[in-house]
Number of protein chains: 2
Amino acid sequence: MSESLRPLARPRLYEQVAARLREHVVDQGLRAGDRLPPERELADRLEVSRTSVRQAIVALEVQGLIEVRHGGGNYLLRDRLEAEPLESLLSRKRRLPEILEARDAAETKLASLAAERRTAADLAAIDTALDAMRSAIERGELCVDEDERFHGAVIAAARSPLLADFMGHLSREITESRRESLRQPGRPANSLLQHEKVAEAIRAGDPAAAAEAMHSHVQSVGDVKLLNWAPDA
Amino acid sequence: MSESLRPLARPRLYEQVAARLREHVVDQGLRAGDRLPPERELADRLEVSRTSVRQAIVALEVQGLIEVRHGGGNYLLRDRLEAEPLESLLSRKRRLPEILEARDAAETKLASLAAERRTAADLAAIDTALDAMRSAIERGELCVDEDERFHGAVIAAARSPLLADFMGHLSREITESRRESLRQPGRPANSLLQHEKVAEAIRAGDPAAAAEAMHSHVQSVGDVKLLNWAPDA
DNA sequence: CTCCTCCAATTGGTTGGACCACTGGACCTT
DNA sequence: AAGGTCCAGTGGTCCAACCAATTGGAGGAG
């Protein structure tokens with residue numbers, strides 16, 4: 001039981017809860033990826049209702065500090081629960097172009113390789129990913145995972161361990177840019193269309209078309225007018 | 001009754017509510033300062049629980065898009081409920097130094113004038129403001145209002161309509177910088193100490209000391225390492 | 001008639017408890 | 001060992017109250 005978790009006084013309850021959570025993370029030495037205590041337990045220890053705890057959770061989620069997994073718990077996305085300073089955001093934005101360059105180079109090649117080497121199983125995996133994305137969109141979700149899944153399927157089909165490994169290194173950054181991109185209204189559906197074009201070319205066994213389709217897809221990811229704040233939500 | 005407010009489907013409810021609110025603001029042509037419908041009414045019209053509406057409210061509040069007034073309603077802080085783009089944040093940050101210059105010039109002079117002209121009533125008002133700030137800090141609040149109140153009391157004591165008017169013009173920007181400054185851990189208490197120094201000099205009738213104390217106070221407001229995101233919260 | 005006081009309706013703030021949906025691991029079946 | 005099933009844990013949402021701040025108007029004082 002941490003010293004930093006004890007009953008609290010009134011005003012703006014959810015803010016105080018958030019503040020306590022910040023302290024708790026520091027005190028317990030929690031880091032990105034670690035799980036926060038369950039909401040009910042927090043409510044008990046802080047002597048507030050779960051409603052208030054959840055408001056704090058929402059606040060932290062909107063700030064991109066934690067990730068909420070239905071049925072799985074709440075997880076830290078950073079080492080501290082402090083709002084990300086502007087500089088960091090900016091530097092991330094500045095790095096975006098070069099990340100996209102690298103991604104473009106790798107994925108374009110991977111797509112064309114996939115068009116040459118894909119097996120029936122690969123095509124099935126790609127279709128499954130597309131289906132997952134379609135239903136996610138219908139449910140109004142961001143479908144970050146589904147998007148990633150599609151690209152993973154293409155990478156698998158390409159059978160290029162080196163390029164796959166390279167993409168693995170880029171994955172962290174890519175996921176972030178992906179998220180920001182998908183947050184744009186209508187973007188998920190648009191992204192799906194582009195995925196389908198890529199899949200079509202791969203199925204047709206047309207390397208050039210696959211490369212071209214993937215190229216324009218990656219390019220369009222860069223057209224994030226101005227990344228809004230919340231990386232998640 | 002707006003077309004944009006009608007029942008909605010499932011996942012991530014509070015996000016959908018927030019999205020609907022965004023639409024509603026556009027549809028109704030609401031602008032900064034306008035009031036949103038009451039939470040209970042929103043819950044009814046969207047066919048969602050008030051709990052979910054409140055989560056959306058928290059999300060929007062954290063993003064600095066709305067202001068919540070206990071018992072008074074929820075108000076728009078901008079013309080649209082879109083997260084503020086980086087550019088805007090940056091330009092605001094770039095303007096901060098010049099705003100502080102102006103503030104420094106005016107408030108330094110006001111403090112010295114206050115030291116010369118303050119009446120017993122002025123001193124009482126200043127003390128009251130300090131007391132309010134103390135208790136606000138004890139309650140763990142940001143005490144933006146209390147901070148403002150103190151400066152208002154000093155301005156009143158200075159009896160300089162022109163300078164007071166000038167400060168009035170700056171007030172909007174000042175409040176924002178104040179907020180960002182006070183968000184820093186330990187900052188409110190620090191600020192209180194500086195206020196007390198200023199008050200002391202004014203009480204002593206020492207214009208030079210008052211000016212100096214106010215000067216260093218205003219300067220320290222500029223030492224916002226890196227304004228965090230949430231303008232409120 | 002004007003102004004002030006005071007109260008009640010309105011509106012946000014918080015709670016406790018209930019129930020649903022998803023996840024992950026224990027455990028059983030094959 | 002592989003697979004499927006089940007269930008406890010955990011997030012998601014709702015509801016019905018009650019508390020607290022604000023606001024505006026009724027009603028009284030001047």
Side-chain angles (χ1 to χ4, degrees), chain A residues 7-21 33-62 65-77 132 135-136 139-143 145-146 232-233, chain B residues 7-21 33-62 65-77 132 135-136 139-142 144-146 232-233:
Chain A
L8 34 79
R10 262 28 219 318
R12 299 293 118 140
L13 246 202
Y14 82 82
E15 291 178 21
Q16 299 192 31
V17 172
R20 285 304 184 85
L21 283 176
D34 289 343
R35 205 183 74 164
L36 291 169
E39 297 175 354
R40 294 171 227 263
E41 180 183 333
L42 288 174
D44 280 347
R45 287 161 71 173
L46 295 176
E47 291 181 9
V48 285
S49 70
R50 191 164 55 121
T51 308
S52 296
V53 171
R54 300 212 81 247
Q55 290 186 352
I57 297 293
V58 166
L60 295 173
E61 187 187 15
V62 166
L65 301 176
I66 67 175
E67 178 187 357
V68 176
R69 301 185 196 161
H70 187 170
N74 298 316
Y75 292 77
L76 287 187
L77 288 180
S135 53
R139 290 197 304 276
E141 292 177 358
L142 267 196
C143 57
D145 292 342
E146 289 75 8
D232 202 315
Chain B
L8 36 79
R10 256 51 241 292
R12 299 295 116 140
L13 246 202
Y14 83 82
E15 291 179 19
Q16 299 191 32
V17 172
R20 286 303 183 85
L21 283 176
D34 289 344
R35 204 183 75 165
L36 271 60
E39 297 175 354
R40 295 170 227 263
E41 181 183 333
L42 287 174
D44 279 348
R45 286 162 72 174
L46 295 175
E47 292 181 9
V48 178
S49 72
R50 199 175 34 132
T51 308
S52 296
V53 171
R54 298 209 82 247
Q55 289 187 351
I57 296 293
V58 167
L60 296 173
E61 187 188 15
V62 167
L65 301 176
I66 67 176
E67 179 187 356
V68 175
R69 300 185 198 162
H70 188 171
N74 298 316
Y75 292 77
L76 287 186
L77 287 179
S135 52
R139 290 197 303 277
E141 292 177 359
L142 266 196
V144 174
D145 292 341
E146 289 75 9
D232 203 315

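Reminder, nothing fancy here: chain letters follow the sequence lines and each chain counts from 1.
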Task: Distance in angstrom units between B/R35 CZ and D/dA21 P, rounded - done: 18 Å
Task: Distance below 4.0 Å between A/N74 side-chain N/O and D/dG11 OP1 or OP2 - done: yes
Open item on the list: Taking atom types as they are modelled, would you say the side chain of B/R40 forms a donor-acceptor pair with the base of C/dG12 within the 3.5 Å cutoff?
Closed with: yes
Task: Spacing between A/E39 atom CD and C/dT15 atom C1', to the nearest angstrom - done: 15 Å
TODO: Using atom CD of A/E61 as one end and atom P of D/dT10 as the other, report the distance to the nearest whole Å.
DONE: 18 Å
Open item on the list: With nearest nucleotide decided by heavy atoms, which residue, A/Q55 or A/G72, maps closer to the 5′ end of DNA chain C?
Closed with: A/Q55
Task: Selection from D/dG11, D/dC14, C/dG12 that lies nearest to any side-chain heavy atom of B/V68 - done: C/dG12
Task: Rounded distance (Å) that lies between atom C1' of C/dG12 and atom CD of A/E15 - done: 14 Å
- [ ] Ignoring the backbone of B/S49, work out which of C/dA21, C/dT14, D/dC15 is nearest its side chain.
- [x] D/dC15
Task: Spatial distance of atom CG (B/L46) from atom CD (B/Q16) [nearest 0.5 Å] - done: 10.0 Å
Task: side-chain contact (heavy atoms from CB on, under 4.5 Å) involving B/D34 - partner list, sequence neighbours excluded - done: B/L30, B/R31
- [ ] Could you check how far CG of B/L42 sits from C1' of C/dG12, rounded to whole Å?
- [x] 12 Å
Task: Nearest-angstrom distance from the residue atom CD of A/E47 to C1' of C/dG16 - done: 15 Å
- [ ] To the nearest 0.5 angstrom, please state how far the CD atom of B/E67 sits from the CD atom of B/E61.
- [x] 9.0 Å
Task: Between P of C/dT14 and NE2 of B/H70, the distance in whole Å - done: 8 Å
Open item on the list: Could you work out, with side-chain contact (heavy atoms from CB on, under 4.5 Å) as the rule, every residue matching B/A43, not counting sequence neighbours?
Closed with: B/R50, B/V53
Task: Nearest-0.5 Å distance, CD of residue A/E39 to OG1 of residue A/T51 - done: 10.0 Å
- [ ] Select from B/V53 and A/G73 the residue whose nearest nucleotide in DNA chain D is closer to the 5' end of that strand.
- [x] A/G73
TODO: Side chain of B/R50 only, please: which of D/dT10, D/dG11, C/dT14 is the nearest?
DONE: C/dT14
Open item on the list: Using whole Å, what does the distance between atom P of nucleotide C/dG16 and atom CG of A/L13 come to?
Closed with: 11 Å
Open item on the list: What contact category does A/T51 fall into here, base, sugar-phosphate, or nothing, at under 4.0 angstrom with non-hydrogen atoms?
Closed with: base
